Amino acid sequence: MMVIVDGAGDREGSGPTPLEAARTPNLDKLASMGSLGLLYTVGKGVAPESDAGVFSLLGYDPMSTHLARGVVEALGSGVVFENGDLALRAGFATVQGDRLIDRRAGRNLSTEEAKELGLTVNKELHLKDKVQFDFRPTVGHRAVMVFRAGKNRFSSNISNFDPAYIRKGNVSVAVPSADSYELPKCEPLDRKPETIRSAALVNEFGYKAREILDKHPVNIRRKREGKLPANWILMRDAGTEKPAVPSFETKWKLDPAMIADLPVELGIGKLLGMKVEQLAPGTSIEGYVERAKLALKLAQDYDFVYVHLKGPDEPGHDGMFELKKKRIEEVDNGFFSVLASSKDLEKMVICVTCDHSTPWKDKAHSEDPVPLLIIKKNTREGEKKARFTEKDAKVGVLGTIPFGRMVLDRLLGRTSNSAV
């Protein structure tokens, strides 16, 4: 079982990190049973997005495979995507004048509001050359954008229409957070006609969407209520092809299942042929308990169970130390309380880690390594008083593992330098 606590990792500094400050008796119990270390989920020097982090932890190399988050999120959200279409991860944001002031529209856009905005955009926005599209809000401010190919040829070799993430080869990496940004512009990264056309199309859609969203009743109401309007649509991580990768079962000879709630993880699970169990998004203790019980049930029938737990990442992005600490405690009180007390624990190989670090002071993903815990029957002694924290992981017997794609080899005992 691989359990990912999304964005829980942070950066050590003058005070405790949220993981160190949180009361986590159940994670502490698990840490005392296993081995700790640090992990660069994609590689040193890379501040990865979630898709690259998850893909790497499942044993694939996101630097050599163009995963294309836009395509993955389309798959995960049920949007029809055919090779040749242009898909992008999208999201509602807030602009004032010529500045982007909030990338998530205040983080309080309801899914119902987003869907209402999306219906109007799909109905009223018309593109040159009559290019067809499907703009699909998913959860909260998040959305997916797919431009239909038809007679058009598209290219994914375009810059992000989102200033917080820059293209770096096959992946996007986070840049330090800012209070505001210049309005983004999508640029072609080569001079091919289809690339120039694709970048122009993204820009056209983005600026035309603002004209519609600025005057939408949902945003008029939000401003009246003192909320930020969702009057801009960010887009990034373009893709035109489904990644050609072997299924998880083919690659690892393990029958896999996944528990997740957002399109990016769900899309990766579907892409890799995993049994996908989708639960409603939420961060309640009861919801985490439900996930733990389902994970243990799946473990009876599947060789490998991947569990993605949202919660700590969002307050990390919002710079909220206390809330990130609280979310970690909720994960511990819910999911890990069930796992740590399970009678099946001794029969399992367990990995607990994060898909990336989200330091609350940075308000963004960072290149910092994340804690890694591995529990196996033959785990080396020496971690009895350790906790699942950055500080204890730094001196753990696993050392520092340079790539997330190496973790499954460790879990399966395929390493000559095995500390577990």
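Side chains included, hydrogens not; waters and symmetry mates left out as well; all remaining heavy atoms used. Here the structure is a predicted model, which means the values were calculated and not measured.
With sequence neighbours excluded, the residues forming a ring-ring contact (aromatic ring centres under 6.0 Å, His included) with F321 are W360, listed by chain and number. F147 meets the ring-ring contact (aromatic ring centres under 6.0 Å, His included) test with F205; sequence neighbours excluded. Applying the side chain to side chain contact (heavy atoms under 4.5 Å, CB included) rule to S56 yields the partners V42, P62, R405; only residues at least two apart in sequence or on another chain are considered. Every residue two or more places apart in sequence or in another chain that forms a salt bridge (charged side-chain N to carboxylate O under 4.0 Å, His left out) with E225 is listed here: K227. By the salt bridge (charged side-chain N to carboxylate O under 4.0 Å, His left out) test, D85 is found to be paired with R148, residues two or more places apart in sequence or in another chain being considered. With sequence neighbours left out, R221 forms a side-chain hydrogen bond (donor to acceptor under 3.5 Å, both in side chains) with no residue at all. For E204, the salt bridge (charged side-chain N to carboxylate O under 4.0 Å, His left out) partners are K208, not counting sequence neighbours. Remark: E113 engages R222 in a salt bridge (charged side-chain N to carboxylate O under 4.0 Å, His left out) (not counting sequence neighbours).
Among pairs with a residue in residues 353-371, those fulfilling salt bridge (Lys or Arg N to Asp or Glu O under 4.0 Å) read R11-D362, R11-D368, at least two apart in sequence or across chains. Screening residues 85-126 for ring-ring contact (aromatic ring centres under 6.0 Å, His included), with sequence neighbours left out, gives F92-F135. Residue pairs satisfying the side-chain hydrogen bond (donor to acceptor under 3.5 Å, both in side chains) criterion with at least one member in residues 290-299, sequence neighbours excluded, are listed as follows: D261-R291. Residue pairs meeting the ring-ring contact (aromatic ring centres under 6.0 Å, His included) criterion with at least one partner in residues 40-83, sequence neighbours excluded, are F55-Y60.
Between T358 and D313, the side chains place a donor N or O and an acceptor N or O closer than 3.5 Å (distance only, hydrogens not considered). At a cut-off of 3.5 Å, with distance as the only test, no side-chain donor of R103 or H317 sits close to an acceptor on the other residue. Side chain to side chain, R136 and S77 fail the donor-acceptor criterion of an N or O pair below 3.5 Å. Checking D28 against T24 by side-chain atom types alone, a donor-acceptor pair falls below 3.5 Å.
Residues Y181 and A164 approach most closely at OH-CB, 4.1 Å, considering heavy atoms. In terms of heavy atoms, L125 sits closest to A209 at CD1-N, 3.4 Å. For L86 against S156, the heavy-atom pair with the smallest separation is CD1-CA, 4.4 Å. Of all non-hydrogen atoms in P137 and G118, the two that sit nearest each other are CG-CA, 3.9 Å. Closest non-hydrogen pair, G311 versus Y288, comes out as CA-OH, 3.6 Å. Nearest heavy atom pair, residue M258 against residue L58, reads CE-CD1, 4.4 Å.
N219 places no side-chain N or O within donor-acceptor distance of the main-chain N or O of D214, the cut-off being under 3.5 Å. Between the K253 side chain and the T250 main chain, a donor and an acceptor come within less than 3.5 Å of each other. A distance-only check finds a donor-acceptor pair linking the side chain of E329 to the backbone of R23 [under 3.5 Å]. At distances below 3.5 Å, not a single donor-acceptor pair connects side-chain atoms of K310 with backbone N or O atoms of T283.
E73 has no carboxylate O lying under 4.0 Å from a charged side-chain N of R142, or vice versa, which leaves the two without a salt bridge. R327 and E314 are not joined by a salt bridge, as no carboxylate oxygen comes within less than 4.0 angstrom of a charged side-chain nitrogen. A salt bridge is absent between D237 and R69: the closest approach of a Lys/Arg side-chain nitrogen to an acidic carboxylate oxygen does not fall below 4.0 angstrom. With salt bridges taken as basic N to acidic carboxylate O contacts below 4.0 Å, none links R197 and D129. Salt bridge E20/K391: absent, no basic N to carboxylate O contact under 4.0 Å.
Within a 6.0 Å sphere centred on NZ of K326, heavy atoms belonging to other residues, nucleotides or ligands number 12 at most. Within a 6.0 Å radius of CD in E124, more than 12 heavy atoms belonging to other residues, nucleotides or ligands are found. Heavy-atom neighbours of D190 CG from other residues, nucleotides or ligands within 6.0 Å: above the threshold of 12. Within 6.0 Å of atom CZ in R167, more than 12 heavy atoms from other residues, nucleotides or ligands are found, so the atom counts as buried in its surroundings. For Q300, the CD atom sits in a packed shell: over 12 heavy atoms of surrounding residues, nucleotides or ligands are nearer than 6.0 Å.
Within the 4.5 Å cutoff, the side chain of D332 has no heavy atoms near those of the F388 side chain. Put simply, the side chain of I212 reaches to within 4.5 Å of the side chain of T120, judged on heavy atoms. Side-chain atoms of I166 and V173, non-hydrogen and from C-beta on, do get closer than 4.5 Å to each other. Residues I4 and V54 have side chains not in contact (no heavy-atom distance under 4.5 Å, counting atoms from C-beta outward). The shortest side-chain heavy-atom distance between L339 and N26 does not fall under the 4.5 Å cut-off. Side-chain contact check for I233 versus M145: every heavy-atom pair is 4.5 Å or farther apart. Counting heavy atoms from C-beta on, the side chains of P369 and L39 never come closer than 4.5 Å. With contacts defined as side-chain heavy-atom distances shorter than 4.5 Å, the pair N170/L67 does not qualify.
Here the options are V407, V305, I374, the test is side chain to side chain contact (heavy atoms under 4.5 Å, CB included), and the partner is M2; only V407 passes.
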Practice task
Dump the intermediate steps for side-chain contact (heavy atoms from CB on, under 4.5 Å) on F304 and W252, then the final yes or no.
Solution key: CA-CA 10 Å; F304 177 82; W252 294 104; over 6 Å; no
Problem - Trace of the side-chain contact (heavy atoms from CB on, under 4.5 Å) decision for K29 with F336 - result: CA-CA 9 Å; K29 176 182 176 181; F336 289 112; over 6 Å; no
Exercise for the section: Would you check, one step at a time, whether the test salt bridge (charged side-chain N to carboxylate O under 4.0 Å, His left out) holds for D10 with K324? Expected result: CA-CA 10 Å; D10 217 283; K324 183 171 180 179; 2.9 Å; yes
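The CD atom of E286 sits 9.5 Å away from the CD atom of E330 when rounded to the nearest 0.5 Å. Rounded to the nearest 0.5 Å, atoms CG (D102) and OG1 (T94) are 5.0 Å apart. With rounding to the nearest 0.5 angstrom, the CG atom of L75 is 7.5 Å from the NZ atom of K270. In this structure, SG on C351 lies 8.0 Å from CG on L408, to the nearest 0.5 angstrom. Residue H141 holds its NE2 atom at 13.5 Å from CG of L117, rounded to the nearest 0.5 Å. Taken to the nearest 0.5 Å, the CD atom of E265 stands 6.5 Å off from the CG atom of D6.
Between Y165 and H365, the two ring planes are perpendicular [angle over 60°; tilted spans 30° to 60°].
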